[in-house]
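Residue indices begin at 1 and follow the sequence shown.
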Amino acid sequence: MSALLAGTGAAGQRTLHLSDAQRSRAVNARLGNEAAAAAFDEALSVDPVRLCVEVLSTKAVGAGSGVSYGHTYVTDRPTVLARVAIGYGHGLPRKAGNRVTVSWTDDGGTTRLPIVGRVAMDEFVVDAGETPVHAGAAICVFGDAARGEVSLTDWAEAIGESPVAIVTCLDRRVAGSIGI
């Protein structure tokens with residue numbers, strides 16, 4: 001399992017990495033402090049927040065395969081789909097499906113992968129294509145743009161939310177969260 005994920009090694013690891021300063025801003029924003037919320041968002045370019053989540057499994061599928069509830073995404077070619085261990089039950093916005101990308105990094109660099117289909121309660125699916133994503137690997141939902149990862153600012157903008165709202169909604173099943 002990747003060093004990006006903390007915990008016991010059990011399936012479904014989810015870890016939020018944020019500095020003490022960003023944690024303090026997020027806690028205060030959650031308590032209604034608008035200045036802290038603005039400071040959190042403004043600091044992201046120099047003090048990024050990363051959410052790393054474990055891949056549960058992968059599956060090769062053919063063209064025409066429907067993904068997740070309601071099949072709002074149908075594959076247009078043979079591809080590999082990866083189940084990622086976070087969903088709306090953990091506080092991830094449901095509207096992220098078919099709207100945002102996540103990042104996967106290996107020795108070859110960082111690759112952006114789209115979330116496809118609807119975000120489910122405990123997981124979402126990415127279209128990994130020919131990228132060698134595997135069970136136990138870490139996917140960076142949002143992170144440090146300097147590393148080639150999708151920034152929290154860009155991720156939030158793609159779904160019409162504020163960055164601090166996304167972080168403060170993550171529940172306690174996400175290690176490192178400020179969740180309820």
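- Within the structure, salt bridge (charged side-chain N to carboxylate O under 4.0 Å, His left out) pairs that include any residue of residues 86-108 comprise Lys95-Glu161 (at least two apart or interchain).
- Using a distance-only test at 3.5 Å, with no hydrogens or angles considered, a donor-acceptor pair links the side chain of Arg23 to the main chain of Gly176.
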Practice prompt. Output, in order, the C-alpha distance, side-chain angles, deciding distance and verdict of side chain to side chain contact (heavy atoms under 4.5 Å, CB included) for Ser24 and Asp20.
Written response: CA-CA 6 Å; Ser24 176; Asp20 290 340; over 6 Å; no

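- In this structure, the side chain to side chain donor-acceptor pair (under 3.5 Å) partners of Asn98, at least two apart in sequence or on a different chain, are Thr72.
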Discussion item. If you apply the rule side chain to side chain contact (heavy atoms under 4.5 Å, CB included), what do you find for Val80 with Val133, and how did you get there?
Written reply: CA-CA 9 Å; Val80 174; Val133 173; over 6 Å; no

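- Linking Ile, Leu, Val, Met, Phe, Trp and Tyr residues whenever their side-chain heavy atoms come within less than 4.5 Å leaves Val126 and Leu81 in two separate clusters.
- Side-chain N or O atoms of Asn33 include none that pairs as donor or acceptor with a backbone N or O of Ala29 at under 3.5 Å.
- Side-chain atoms of Thr75 never come within 3.5 Å of backbone atoms of Gly66 as a donor-acceptor pair (strictly under, hydrogens ignored).
- Atom CZ of Phe142 sits about 6.0 Å away from atom CG of Leu16, to the nearest 0.5 Å.
- The backbone N or O of Val150 sits nowhere less than 3.5 Å from a side-chain atom of Trp155 that would complete a donor-acceptor pair.
- In this structure, Val61 is not a member of the same hydrophobic cluster as Leu56, with clusters built from ILVMFWY side-chain heavy atoms closer than 4.5 Å.
- Remark: side-chain polar atoms of Arg50 are not paired, donor with acceptor, to backbone N or O of Val141 under 3.5 angstrom.
- Distance alone, capped at 3.5 Å, places no donor-acceptor pair between the Ser57 side chain and the Arg83 backbone.
- Applying the side chain to side chain donor-acceptor pair (under 3.5 Å) test to pairs two or more places apart or on separate chains, those with a residue in residues 126-144 are Tyr73-Asp127, Arg77-Asp127, Thr79-Asp127.
- To the nearest 0.5 Å, the span separating CD1 on Ile139 from CD1 on Ile86 amounts to 12.5 Å.
- By the ring-ring contact (aromatic ring centres under 6.0 Å, His included) test, Phe124 pairs with no residue at all, sequence neighbours left out.
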Side-chain donor/acceptor pairs under 3.5 Å, residues 36-49, sequence neighbours excluded:
from	atom 1	to	atom 2	distance (Å)
Asp41	OD1	Val164	N	3.1
Asp47	OD1	Ser19	OG	3.2
Asp47	OD2	Ser19	OG	2.6

Side-chain atoms of residues 108-121: list all donor-acceptor pairs with protein atoms under 3.5 Å, sequence neighbours left out, distances to 0.1 Å.
from	atom 1	to	atom 2	distance (Å)
Thr110	OG1	Thr105	OG1	2.9
Thr110	OG1	Arg147	O	3.3
Arg112	NE	Gly148	O	3.3
Arg112	NH2	Gly148	O	3.4
Arg112	NH2	Glu149	O	3.3
Arg118	NH1	Tyr69	O	3.2

